[in-house]
Structure formats: structure tokens, C-alpha cells
Amino acid sequence: MSKVVRQLRPHLQQLEAESMQIFREVVAEFSSPAMLFSAGKDAAVMLHLARKAFYPGTPPFPLLHIDTRWDFQEAMVFRRRMSAQVGMELIESVEAEESLASLNPRIPDKACLLEIMLSQATEQVLDRHGFDAAFSGLRRDETNVRSRSPLYAFRDRQHRWCSGNQRPELWNLCNGRLDKGERVQAFPLSNWNELDVWQYIHRESIAVVPLYYAAPRPVVEREGRLFVVDGDNLALATDEVPEARWVRFDRLGCYPQAGVVASRATTLPAIIQEIQQWRSPVGGEYAADSAAATNAGCQKPEGRLR
């Protein structure tokens, strides 16, 4: 671990301590945890916090990524390089491949895609490897649905979340006792917001995927949103011609979900300044969150892999 030479702001110190405590508690309470790792900014912060929590040792759990075959090349390279650098096992699993192949790559049903990637695929890989806990980088500030997320989200045998099965979390003290067949999803970044994440990345000199920095990239515009053309994954219409524009990603995912914003922010301070000017996250709710908001009682796991 590199030596930190800059003092963290008090609220970041508090968030850091809380997140590290969640990592330690989950490892102490559960027999087989794993960390969902998509190589996004939140995942990079989670990995840094996990390494700090167990320093000088290596975090005692693997990194887990569901390969949708629609990932950005730079993210894939970064993910593999980081796992090798920190000495943690990286499990890259291809799940629900037939269902993913059946989707229209140009105009996919976003809710269907997220159901396949985030629910079916995650359920399959957790079952196959016997993981009873999974760290996720979801934050409460992202959407109204996630604002109600607990630190520990308990899932039943069918991977459903039921509000009646949740344990009280008084003073952020979590009860990790599992009933037979249950597993838990833990959220170390629950109380962080987007600005906290970027300020922490800057203060701790955390490496992130270069896609977050502005650069001239080939893009096409669809329904008022810009999409980067990266390889053959983004199927183009006959009248679509990629145009080079200065853009950066504000959040990462696979092609149908990951749009870009016009930006000249090529440094972390510039990105932080942009976010301070926006005052709120760019992009709005994900399709999975909007759908979950209309359901009651037992629900599928919400949110995306980080």
C-alpha cells in the first residue's frame, strides 16, 4: 500500500472507518464472502478500503465479476491488472450466456438486460461457488429506491429481498445471523455520495479506469444520449456515423447502460469541480431501480454490479 501523505477530511475519515468496519464484520461473521468488482470508481474505492481494512495482509475473499461480453476493453484490462497487482483471486464468470445472446445489441430491453445480468447471473454464480455474503458498491444517494437500503440486505433461498426478514441496524450495528438458505449482500459505501467517492479517490491517489477522464472519443447520439463506439459491441444503424467528441464516463457499465457526458475534465480536481457544479449525479435512475420502485414485499436484488 502506498503511503498516504494528505490528511483526509473529517467526514471522509468517518466514512472510511465505517466502511472498513463493515468489511471486517462481514469477514468475521460469514464463512464465504466475495466482492463484486466491475472496475468502476465505486469498486476501485471498495478495493482500496478492503486492502486498508486487512493491511498488511491480503483481503481474505475473492473478487467476482459477471462477464456480459459487452464490457469496455479498458475496463477489462484494468480489472485484471488490479487483481494481479493486489494479489487477489479474480473470478470472471460468464452466466446466462444464451439469454444475453438473444437480446438485440442495438436497442435492447434495458429492464430485461439488467434482470439477466444483475439478478439471474449473480444468483447463479453465488449458488455455484457457495458464497454466503457479497460486498456491493451501491450507495444510498444514487436513487430513491437505494436510499432505503440497509447495510446488510438479507436474501432468501430464491435470492429475494423481503423487508420482514431484515434485522434492525441500531447505531449501525448489524446482526449477521443467517437462517438456513439465506445469504447477505453488504454495502460498505452505503453512506457515501458521489462527491465523497471522487474526493477520496483524489486524496488516496486511487487508480481508476481511464474512461472516467475526458478525451476525444468516437460517439453516436441516440435519444439525446451519447454512446462511445468501442469495438464491434455497439451495433450501428446504416445512417449512424461515429463522431469524435470530448467526453468522459460518469458511470461505467456495459454498452446499453453506459452513456457519456460532454466534458473537458482530464484530471481528478477537474472532475470534482464538475460534480460540485452539477450538485447531483448525472444520468438518473437505472431501469432496474425504476422497476423495483413499483414493487412491494419480496423483490429481486436491486442495483448493478460494481
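Starting from 1, each residue takes its place in the sequence as its number.
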Asker: Is there a path from Leu12 to Ile201 through hydrophobic residues (I, L, V, M, F, W, Y) whose side chains come within less than 4.5 Å of each other?
Answerer: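 Both belong to a single hydrophobic cluster.
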
Asker: With ring centroids as reference points, do Phe30 and Phe131 lie under 6.0 angstrom apart?
Answerer: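 Judged by ring-centre distance (under 6.0 Å), Phe30 and Phe131 do not meet the cut-off.
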
Asker: Could you tell me the separation between the OG atom of Ser38 and the CE atom of Met46, rounded to the nearest 0.5 Å?
Answerer: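 Interatomic distance, Ser38 OG to Met46 CE, rounded to 0.5 Å: 8.0 Å.
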
Asker: Is the Phe61 to Phe135 ring centre distance short of 6.0 Å?
Answerer: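 Yes, ring centres under 6.0 Å apart.
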
Asker: Kindly indicate whether the side chain of Trp246, heavy atoms from C-beta on, has any atom under 4.5 Å from the side chain of Thr266.
Answerer: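 Yes, close enough: below the 4.5 Å cut-off.
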
Asker: Hydrophobic clusters here meaning ILVMFWY residues chained together by side-chain heavy-atom distances under 4.5 Å, can you tell me if Met20 and Leu15 are in one?
Answerer: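 Yes, it is one cluster - the side chains of Met20 and Leu15 are joined through contacts under 4.5 Å.
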
Asker: Could you see if Val208 belongs to whatever hydrophobic cluster contains Leu195? Use Ile, Leu, Val, Met, Phe, Trp, Tyr and a side-chain cutoff under 4.5 Å.
Answerer: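 Result: yes, single cluster for both.
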
Asker: Under a 4.5 Å cut-off applied to non-hydrogen side-chain atoms, are Val261 and Arg248 in contact?
Answerer: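 In short, these two side chains touch, coming nearer than 4.5 Å.
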
Asker: Work out which heavy atom in Ala53 is nearest to a heavy atom in Arg24; give both atom names and the distance.
Answerer: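 For Ala53 versus Arg24, the nearest heavy atoms are O-NE, 3.0 Å.
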
Asker: Can Ile22 and Phe187 be said to form a side-chain contact (heavy atoms from CB on, under 4.5 Å), step by step?
Answerer: CA-CA 8 Å; Ile22 292 172; Phe187 307 113; over 6 Å; no

Asker: Are any of the side-chain heavy atoms of Pro62 and Leu90 separated by less than 4.5 Å?
Answerer: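 Not in contact.
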
Asker: Run the side chain to side chain contact (heavy atoms under 4.5 Å, CB included) test against Thr58 and tell me which residues pass, sequence neighbours left out.
Answerer: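 Residues passing side chain to side chain contact (heavy atoms under 4.5 Å, CB included) with Thr58: Met88.
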
Asker: Compare all side-chain heavy atoms of Leu138 with those of Leu189 and state whether any distance is below 4.5 angstrom.
Answerer: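 No, too far: nothing below the 4.5 Å cut-off.
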
Asker: Measure from the side-chain N and O atoms of Arg140 to the backbone N and O of Trp192, and report whether any donor-acceptor pair falls under 3.5 Å.
Answerer: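 Side chain of Arg140 to backbone of Trp192: no pair is present.
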
Asker: Within a strict 4.5 Å, meaning less than it, do heavy atoms of the Phe23 and Pro59 side chains meet?
Answerer: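 Side-chain contact under 4.5 Å: no.
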
Asker: Would you please name every residue forming a side chain to side chain contact (heavy atoms under 4.5 Å, CB included) with Glu243, sequence neighbours left out?
Answerer: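 With sequence neighbours excluded, Glu243 shows a side chain to side chain contact (heavy atoms under 4.5 Å, CB included) to Arg245, given in chain and number order.
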
Asker: Quick check: is Val27 connected to Leu49 through a chain of hydrophobic side chains (ILVMFWY, heavy atoms under 4.5 Å apart)?
Answerer: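 Linked within one cluster.
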
Asker: Quick check against the 3.5 Å criterion: does Lys41 have a side-chain atom that pairs as donor or acceptor with the backbone of Asp250?
Answerer: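 Side chain of Lys41 to backbone of Asp250, a donor-acceptor pair under 3.5 Å: yes, one is there.
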
Asker: Taking salt bridge (charged side-chain N to carboxylate O under 4.0 Å, His left out) as the definition, give me every residue that meets it alongside Arg217, ordered by chain and number, with sequence neighbours left out.
Answerer: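 None.
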
Asker: Output all residues satisfying side chain to side chain contact (heavy atoms under 4.5 Å, CB included) with Pro242, sequence neighbours left out; order by chain, then residue number.
Answerer: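 Pro242 satisfies side chain to side chain contact (heavy atoms under 4.5 Å, CB included) with Pro218, Val220, Val229, Leu236 once adjacent residues are dropped.
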
Asker: So, for Val26 and Ala133, which heavy atoms are closest and what is the spacing to 0.1 Å?
Answerer: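 Closest heavy-atom pair between Val26 and Ala133: CG1-CB, 3.9 Å.
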
Asker: Would you please test Tyr212 and Leu268 for side-chain contact (heavy atoms from CB on, under 4.5 Å) and show each step?
Answerer: CA-CA 9 Å; Tyr212 282 116; Leu268 287 173; over 6 Å; no

Asker: So do the side chains of Gln199 and His202 get within less than 4.5 Å of each other, counting heavy atoms only?
Answerer: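 Of all side-chain heavy-atom pairs linking His202 with Gln199, none is under 4.5 Å.
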
Asker: The criterion is side chain to side chain contact (heavy atoms under 4.5 Å, CB included); which residues satisfy it with Ala207, sequence neighbours excluded?
Answerer: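 Partners of Ala207 by the side chain to side chain contact (heavy atoms under 4.5 Å, CB included) criterion, ordered by chain and then number, come out as Phe78.
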
Asker: Pick one: which of Gln14, Arg139, His11, Glu18 meets side chain to side chain donor-acceptor pair (under 3.5 Å) with Asn191?
Answerer: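 Checked Gln14, Arg139, His11, Glu18 against Asn191; only one passes side chain to side chain donor-acceptor pair (under 3.5 Å): Glu18.
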
Asker: Drop me the distance from Phe227's CZ to Glu240's CD, to the nearest 0.5 angstrom.
Answerer: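 CD of Glu240 is found 10.0 Å from CZ of Phe227.
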
Asker: Within this structure, what is the CD-CD1 distance for the pair Gln276 and Ile271, rounded to the nearest 0.5 Å?
Answerer: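 Reported value, rounded in 0.5 Å steps: 12.5 Å.
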
Asker: Does Trp198 have any side-chain hydrogen bond (donor to acceptor under 3.5 Å, both in side chains) partners at least two apart in sequence or in another chain, and if so, which?
Answerer: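 Expected list: none.
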
Asker: Nearest 0.5 Å, please: how far is CD in Glu92 from OG in Ser83?
Answerer: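 Those atoms lie 7.5 Å apart.
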
Asker: Decide side-chain hydrogen bond (donor to acceptor under 3.5 Å, both in side chains) for Ser32 and Asp132; before the verdict, give the C-alpha distance in whole Å, the side-chain angles of both, and the deciding distance to 0.1 Å.
Answerer: CA-CA 6 Å; Ser32 183; Asp132 59 358; 5.0 Å; no

Asker: Nearest 0.5 Å, please: how far is CG in Leu211 from CZ in Phe72?
Answerer: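 Nearest 0.5 Å value for the CZ-CG distance: 7.0 Å.
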
Asker: Show, in sequence, the C-alpha distance, side-chain angles and deciding distance for Tyr200 and Ile206, and conclude whether the side-chain contact (heavy atoms from CB on, under 4.5 Å) test is met.
Answerer: CA-CA 8 Å; Tyr200 190 75; Ile206 299 172; 3.8 Å; yes

Asker: Which atom names give the shortest non-hydrogen contact between Pro188 and Ser136, and what distance separates them?
Answerer: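 Looks like CD-O, 3.4 Å.
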
Asker: Who passes side-chain hydrogen bond (donor to acceptor under 3.5 Å, both in side chains) against Ser190, sequence neighbours left out?
Answerer: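 With neighbours one apart ignored, the set is empty.
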
Asker: May I ask you to check whether over 12 heavy atoms, not counting those of Glu221, lie within 6.0 Å of atom CD?
Answerer: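 More than 12 within 6.0 Å, yes.
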
Asker: Heavy atoms, side chains only, cut-off 4.5 Å: are Leu47 and Met35 in contact?
Answerer: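 The answer is yes; the side chains approach within 4.5 Å.
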
Asker: Working to the nearest 0.5 Å, report the span between CD of Glu16 and NE2 of His48.
Answerer: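 Glu16 CD to His48 NE2: 6.5 Å, rounded to 0.5 Å.
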
Asker: Is there side-chain contact between Leu36 and Leu63, with heavy atoms separated by less than 4.5 Å?
Answerer: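 No; the side chains remain at least 4.5 Å from each other.
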
Asker: Looking at residues at least two apart in the chain, or sitting in another chain, which of them share a side-chain hydrogen bond (donor to acceptor under 3.5 Å, both in side chains) with Arg264?
Answerer: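 side-chain hydrogen bond (donor to acceptor under 3.5 Å, both in side chains) check on Arg264 returns nothing, list empty.
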
Asker: Taking side-chain hydrogen bond (donor to acceptor under 3.5 Å, both in side chains) as the definition, give me every residue that meets it alongside Thr238, ordered by chain and number, with sequence neighbours left out.
Answerer: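 None.
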
Asker: Using the rule given for side-chain contact (heavy atoms from CB on, under 4.5 Å), can you reason through Ser263 versus Val247, listing the C-alpha separation, both sets of side-chain angles and the distance that settles it, and then say yes or no?
Answerer: CA-CA 5 Å; Ser263 173; Val247 296; over 6 Å; no

Asker: Residues in salt bridge (charged side-chain N to carboxylate O under 4.0 Å, His left out) with Arg81, at least two apart?
Answerer: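 Counting only residues at least two positions away or on another chain, Arg81 forms no salt bridge (charged side-chain N to carboxylate O under 4.0 Å, His left out).
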
